[in-house]
Amino acid sequence: MSVLAGQQQAGRAVDADGTAQTNPTIERTRTVQSDRPVRTAGPDSDPGPVDPDQVLARVEGLRRLFKALSGRVPADQLATIRAVVDRAGERLRLSRDHTVVALAGATGGGKSSLFNSLSGLELSRVGFRRPTTNAAHACVWNPSSAAELLDWLGIPKRHQIARETILDGESEAALRGLVLLDLPDFDSVEISHRLEVDRLTGLADLLIWVLDPQKYADAVLHQRYLRGLTQYRAVTVVVLNQLDRLTPQDAERCLADTRRLLDEDDLRGVRLIGTSAVTGQGIPELRQLLADTVAARQASLQRMVGDVTTAAASVSHLVGPEIAEDAVDRAMVNGLATRRGDSVGASAVASVAAAAYRRRGRQATRWPVARWFSELRPDPIRRLAATAGVPLPAGGRAPRHRHAAPDPSPAQRSQVDLAIRGLADLVSQGLPEPWPGAITAVARSGAASLPDELDRVIRDTNLGTHRTPLWWRITQGVQWLLLATTLVGAVWLLARALLMFIALPELPLPTVGALPLPTMLLLTGLLAGPLIAALAGSLVVYSARRFAVQAERALRAAIAALARERVVAPVRSELHAYAEARDALTAARGQ
Ligand SMILES: Nc1nc2c(ncn2[C@@H]2O[C@H](COP(=O)(O)OP(=O)(O)OP(=O)(O)O)[C@@H](O)[C@H]2O)c(=O)[nH]1
Ligand SMILES: [Mg+2]
């Protein structure tokens, strides 16, 4: 279906929108004289010339709107926009020196007769057998540079007629640039005729609807075609032909009635001309109208304005109030991350990591002998991890460098789902469909990939479990020194006892205060080692607590970053698309 025919629905919506372009005041019908043209006339206040740059900007807005809505709205809802963008792009590319005017109407109305009268030639077949015209014919005044335009209109060469020749001199100069089309009938038994009419009325710059006294009230004409032309009043002309068949009084009544029907079609102000192709009544006026239209070179732009306005209106219900792209604020992200963190047991993971840290600290600061003994005992972290439901890496004694998230329970999962839905609902509040649906969908699909990625994030987040603080190393050095001291004292005392036993000269035994030096060394090692281990142990417990807090913070920050990347970023990009659609619609409306 052509753009025009397809726009009938949208045309009504536009009207409701109140964006009509022409003045609704009607010029009253004048008394009809049989030999005078009858005109009940057209827009009595000119909407003014259309600025080509403004039209371009509006078409560009429509193109952006199409892009923003594509993929979010079923393609058939965007068919009008697409057709208009394509048509406008092509029409702008093609000759602006030519104005395409189409004669359309029911069979037998006199389209071909008027086409011949206007061209002054017997170009199109006029006949008694209906329908007579099977394919569109084109008469071109000044055919140079119109070839591409005629190709675009799809008029085969054999149906193209060049009107202006050297023989005409300047007599046809007024119509130079006119491409007049004689269309087949829209009410034909031949479906191909109707399709051709729909196609070409969708492409022509100006449409002349040829009515006749018998069929001017035809319901198909009014409902299917005229009623959708509210936005095209500036480029629509209605001709009531065959007035010679009526008495002047009847012709006047008929014209008045036609005007009434046009008003009902919401086509107030549309130019209405009474003609007779037989007597020539009204033909000069119609010719003058065409000459003015061609000279103004506005019809193609006005037609485009109508197209863009109608197309924009056809999707205006898809765009609502303004909304900030950063509507997803920090609080929302944090809320989502907290739920996510809870669902993957961030606290439990942090506790297990802290326990591992504490154990390493304890071991590092112990008296070496005590450490050797303790390592023979089973790993307490494994027990703790099992209690907390935190899986340990395969084969690992304890999560020294790696940690993993427990599987979330169904309750935790549904809490996360709720949080995501809540976020989507909140940001899409007040937006028309398809946006809330699209926002929820991207948030959900982002969330669907989260569990696997959360596992990776939790595993890879550097909690510092493997870190060995300097004071551990120093304490460990001191413990080794104390062990050495103990050993030196013990070996010294043993060696002395042995020498005494085998009656060899005694080893010297210096004293420190009341105690011999080796005894002093032995006791220092034995007492100071555990003492330092106990002190360091308390410190380790304290720092492990801090470690747990920091580890949980790091985990939650990593989870928040992931939620931002996988859920918030796609939601923001939908909001961006919405803002773009809104902006583009404003541009397409020319506001
Ligand atoms: N009396 C009178 N007869 C007319 C007038 N215009 C056309 N006719 C006649 O009406 C008949 C139909 O005219 P066409 O020009 O072939 O009508 P059409 O709209 O082209 O018809 P299709 O090609 O079938 O769509 C012909 O017999 C014409 O001679 C007119 O103004 N007055
Ligand atoms: Mg015809």
Side-chain angles (χ1 to χ4, degrees), residues 2 5 32-40 101-139 153 155-156 158-161 163 179-201 204 206-218 220-222 224-226 236-255 258 272-287 289-290:
S2 77
V32 181
Q33 302 294 321
S34 59
D35 57 345
R36 279 210 289 136
V38 177
R39 179 176 179 191
T40 73
V101 178
L103 291 162
T107 186
K111 299 181 292 298
S112 302
S113 304
L114 287 174
F115 180 81
N116 291 342
S117 291
L118 289 165
S119 62
L121 301 168
E122 287 300 313
L123 297 171
S124 206
R125 236 183 91 215
V126 173
F128 292 101
R129 267 191 60 209
R130 303 264 74 86
T132 307
T133 310
N134 293 315
H137 287 63
C139 182
L153 292 168
I155 310 289
R158 64 179 186 284
H159 292 153
Q160 297 176 13
I161 305 111
R163 175 61 186 85
V179 177
L180 187 64
L181 302 179
D182 178 21
L183 302 188
D185 55 318
F186 67 75
D187 57 348
S188 183
V189 283
E190 299 282 341
I191 289 181
S192 63
H193 288 197
R194 208 183 65 215
L195 293 177
E196 181 77 334
V197 173
D198 285 353
R199 188 179 73 77
L200 283 165
T201 51
L206 181 89
L207 287 176
I208 299 179
W209 292 92
V210 180
L211 279 48
D212 65 76
Q214 276 172 354
K215 288 199 270 180
Y216 70 92
D218 179 58
V220 177
L221 167 77
H222 288 273
R224 184 169 158 77
Y225 291 97
L226 297 182
T236 300
V237 175
V238 176
V239 164
L240 184 61
N241 191 36
Q242 304 188 14
L243 285 191
D244 60 289
R245 291 178 187 269
L246 304 176
T247 63
Q249 290 73 20
D250 285 346
E252 189 185 344
R253 264 197 296 277
C254 198
L255 277 163
T258 308
L272 170 63
I273 301 177
T275 60
S276 164
V278 169
T279 65
Q281 177 190 346
I283 302 299
E285 183 164 14
L286 192 54
R287 238 179 112 82
L289 185 142
L290 291 178

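Atoms within a ligand are numbered from 1 in the order they appear, just like the ligands themselves. Just so it is clear, the values below take in all heavy atoms, side chains as well, and ignore hydrogens, waters and symmetry mates.
Neither the backbone nor the side chain of V210 comes within contact range of ligand 1; no heavy atom lies under 4.0 Å.
Of the candidates S113, P213, G109, P184, S113 brings a heavy atom nearest to atom 9 (C) of ligand 1. Nearest residue to atom 10 (O) of ligand 1 from Q242, Q281, H137 is Q242 (criterion: closest heavy atom).
Residue G108 places a heavy atom less than 4.0 Å from ligand 1.
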For side chain to side chain contact (heavy atoms under 4.5 Å, CB included), just list the numbers for F186 and T201, CA-CA rounded to whole Å, side-chain angles, deciding distance to a tenth of an Å, and then say yes or no. CA-CA 10 Å; F186 67 75; T201 51; over 6 Å; no
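The ligand atoms of ligand 1 that sit less than 4.0 angstrom from a heavy atom of A277 are 6 (N), 30 (C), 31 (O). The ligand atoms of ligand 1 that sit less than 4.0 angstrom from a heavy atom of D244 are 1 (N), 2 (C), 30 (C), 31 (O), 32 (N). Here is the list of ligand 1 atoms found below 4.0 Å of a heavy atom in S276: 31 (O).
The ring pair (Phe, Tyr, Trp, His ring centres under 6.0 Å) search around Y216 returns none, not counting sequence neighbours. Residues that satisfy the side-chain contact (heavy atoms from CB on, under 4.5 Å) test with A136, not counting sequence neighbours, are I155, L183, P184, E196, L200.
Taking distance alone, with nitrogen or oxygen atoms compared against 3.5 Å, T107 approaches ligand 1 more closely than that limit. The shortest N or O to N or O distance between K111 and ligand 1 is under 3.5 Å.
Among the backbone and side-chain atoms of T107, none of the N, O or S atoms lies under 2.8 Å from the Mg ion (ligand 2).
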